[in-house]
Amino acid sequence: MRSNCCGELRKENISSTVQLCGWVDRCRDHGGVIFIDLRDSSGTVQITVDPDQGNELFAIAESLRNETVVQVSGQVRARPAEASNQKIDTGDIEVLAKDLKVLNHVKGNLPFTVSIHDEESVREETRLKHRYLDLRRDKLSKNLRIRHKTIQAARNFLEKEGFIEIETPILTKSTPEGARDYLVPSRVSGGDWFALPQSPQLFKQLLMIGGMEKYYQVARCFRDEDLRADRQPEFTQLDIEMSFMEQEEIIAMNEKLIVSIWKTIKGIDLPTPFPRITWHESMERYGTDRPDIRYGIEICDVSKIFKNIGFKVFSNAISSGGSVKCITIPKGNSAISNVRIKPGGDIFSEAQKMGAGGLAFIRVRESNEIDTIGAIKDNLNIDQINALIKQTNAKEGDLLLFGAGDTKIVNRTLDRIRQFLAMELKYLPSQESINYWGFIWVVDFPMFDFNIDENRWEALHHPFCAPNNKDLGETPDEWQNRLPKARAQAYDLVLNGLELGGGSIRIHDAALQKQVLETIGLSTKEAHEQFGFLLDSLDMGAPPHGGIAFGLDRIVMLLTGSESIRETIAFPKTQQARCLMTEAPSEVSKQQMKEIHVASTWTNPK
RNA sequence: GGGACCGUAGUUCAACCGGUUAGAGCACCGCCCUGUCACGGCGGAAGUUGCGGGUUCGAAUCCCGUCGGUCCCGCCA
């Protein structure tokens, strides 16, 4: 149908006869001469329609509207010097139409403008309903191409490293821990259910036990949990697993993978090795296990200074087992008004959102004088002030913001305030700077976290992470006691405060695996019901292995500078996990439900 | 489960503190225009202000409910 693509035509093509297909991006009808910007996936080129080429041709050109699909035959020619357009790649030439055929019309109004010149933001609801039109627009079209190139870069790299791509089941077994499963009833085995995989975790381990040694997959994962800008009910992981490699080797290899992706997509050489931080240190300094390391404002634990202070908010926090911590905002006195950090202010509200009861502050003035609310000022002596200023390294003009209470909430709050103010006060490097990319490996995660509500330990990553041998003790007798407090051989790759991926060395010893499952409260019987196949396999020559999984949607989101992973997915769902285009999910017939032995208990609340 | 913001013409927005016939750009329709490139000019059509109820002499505007979208908390091994 076509001899060339629109966007590829250049001076070199002058005088050649071409046939093009595409969409009318825009028309400029001058009455005597008509210009058509013809667009295909490669770009746009100007088609010139001259009345000399015949009335029929001209009449068709006059009838064209935006997004009409046309086929044009014509000759490439140089534009008159004064009419060349350096703003577009094909601006030196134009195609003089000899024949023009409408392949498809547009009837009625389009829901929104498609043209590459139109950057007007359309309501997302409308874009999602007519996603096929949105895909035609510049931004999504580019994003999906970057997504493709990202996957290709990963495939190329992994191919060279000797990995093979293997698919794992989509219909699989429900897992007890973790997110809610999407369930699929079995017609053949009445009353039984499949689950869609939350990740290929167990299968990739079994592939290692199956001797594949180096596996990867662009794997679709499903989790029935509430959504966010960076969470969809179905998302894609770049899933990798390998045998006979230790944590350091795996980290080094994956770092090279990331470097090669950034080189391919951004054309930049990321400095290596990426910095490392232990989970513990990250929590101390940033209050989170996914720190944005591109700016300072680190968290300072000042509990010791305020242990015996008369200001009850602080002293009570400490005596009840919590902490008092603070962040120092350089020059914060002039940048941030009291209105914003007192009740009702935006910064105060951010703190409140994270569960903080309040947001205490101290302003450092000339010669270490301080300025704060009376309740704090009246209860602080000069030694405490000096200790505070020394520990926080605060200077005249700086603002100290405090969190006091349960340590988890204090950390969470100060992390949030830190990020909120970094954005607001423009501490972030520009997108063009190499420093924009704040990669960091977070290592030495704890194996478990104690769930107070359920009074039990739960796996921080998942229950297949291997513990650090140093924390285990010499003999299996010690495992039971030592395991809960052990560090895991687990690692997360964090970029700009977002978790890009995470992995671990897996347990390849059946006894240790049973002990870990027991620690999270699974009896031997339950463990066998849920993971019998894995436990069995570990006793049949399971190699040491480990791996990682990257959130592909998030990687592409960062590479494209998007605000949401929806901008990297061809057909995403809304926050209510609905597809506005197909209107899925939807009702099914009674007959369908009968066949799969399912009855609905849903009653409309009305 | 909870909090915040949003919903006005095909679309993007406007319409103060409730007050004539709800306006404008783009798109659409008609006419004019031979070098534009977000072409230009003249004219036109286009609205159940998401939906339902309430307050009021009077509601896009205020209140309640509801539906949908977004952001966030909880949740997401």
So, do [X] and [Y] sit near enough that their side-chain heavy atoms are less than 4.5 Å apart?
| X | Y | answer |
| --- | --- | --- |
| A:L196 | A:I170 | yes |
| A:R223 | A:F235 | yes |
| A:T90 | A:R10 | yes |
| A:L20 | A:D40 | no |

How many Å lie between [atom1] on [X] and [atom2] on [N], as a whole number?
| X | N | atom1 | atom2 | result |
| --- | --- | --- | --- | --- |
| A:K129 | B:G50 | NZ | P | 16 Å |
| A:L96 | B:G35 | CG | P | 16 Å |
| A:K87 | B:C37 | NZ | C1' | 7 Å |
| A:I417 | B:C72 | CD1 | C1' | 14 Å |
| A:D492 | B:C76 | CG | P | 16 Å |
| A:L128 | B:G7 | CG | P | 18 Å |
| A:F112 | B:U11 | CZ | P | 10 Å |
| A:R127 | B:U11 | CZ | P | 14 Å |

A:F464 backbone acceptor or donor facing A:H462 side chain under 3.5 Å: yes
Once you apply a heavy-atom cut-off of 4.0 Å, does [X] come out as touching a base, just sugar-phosphate, or nothing?
| X | result |
| --- | --- |
| A:D224 | nothing |
| A:I34 | nothing |
| A:L580 | sugar-phosphate |
| A:P111 | sugar-phosphate |
| A:S199 | base |
| A:T413 | nothing |
| A:R77 | base |

Base [N] to side chain [X], donor-acceptor N/O within 3.5 Å cut-off:
| X | N | result |
| --- | --- | --- |
| A:Q575 | B:C71 | yes |
| A:R26 | B:C26 | no |
| A:R578 | B:G69 | no |
| A:Q46 | B:U36 | yes |

Side-chain N or O of [X] versus OP1/OP2 of [N]: is the shortest distance under 4.0 Å?
| X | N | result |
| --- | --- | --- |
| A:R228 | B:C73 | yes |
| A:T574 | B:G69 | yes |
| A:R231 | B:C75 | no |
| A:R65 | B:C29 | yes |
| A:R28 | B:C39 | yes |
| A:R223 | B:C75 | no |

Applying a 3.5 Å limit to both distances, which nucleotide forms a Watson-Crick or G-U wobble pair with [N]?
| N | value |
| --- | --- |
| B:U55 | none |
| B:C76 | none |
| B:U61 | none |
| B:C26 | B:G10 |
| B:U70 | B:A4 |
| B:C39 | none |

Write down the distance separating the [atom1] atoms in [N] and [M], rounded off to the nearest Å.
| N | M | atom1 | answer |
| --- | --- | --- | --- |
| B:A14 | B:A60 | C1' | 12 Å |
| B:G19 | B:A15 | C1' | 13 Å |
| B:G23 | B:C63 | C1' | 27 Å |
| B:G44 | B:G7 | C1' | 29 Å |
| B:G58 | B:C39 | P | 49 Å |
| B:C29 | B:U36 | P | 25 Å |
| B:C76 | B:C62 | P | 39 Å |
| B:U11 | B:G47 | P | 13 Å |

Salt-bridge criterion met for A:D449 and A:K408 (N-O under 4.0 Å): yes
Whether A:W279 and A:F445 hold their rings parallel, tilted or perpendicular, with breakpoints at 30° and 60°: tilted
Ring-on-base stacking B:C39 with A:H30 (under 5.5 Å, under 30°): yes
Option among A:E583, A:E234, A:E124 that satisfies the salt bridge (Lys or Arg N to Asp or Glu O under 4.0 Å) test with A:K573: A:E234
Qualifying residue, where the test is salt bridge (Lys or Arg N to Asp or Glu O under 4.0 Å) with A:D134 and the options are A:R566, A:R127, A:K129: A:R127
Can you tell which of [options] lies closest to the side chain of [X]?
| X | options | value |
| --- | --- | --- |
| A:N66 | B:G68, B:A27, B:G35 | B:A27 |
| A:N109 | B:U36, B:G10, B:U70 | B:G10 |
| A:A229 | B:C28, B:C71, B:U11 | B:C71 |

First encountered from the 5' end of RNA chain B, between A:D226 and A:E94: A:E94
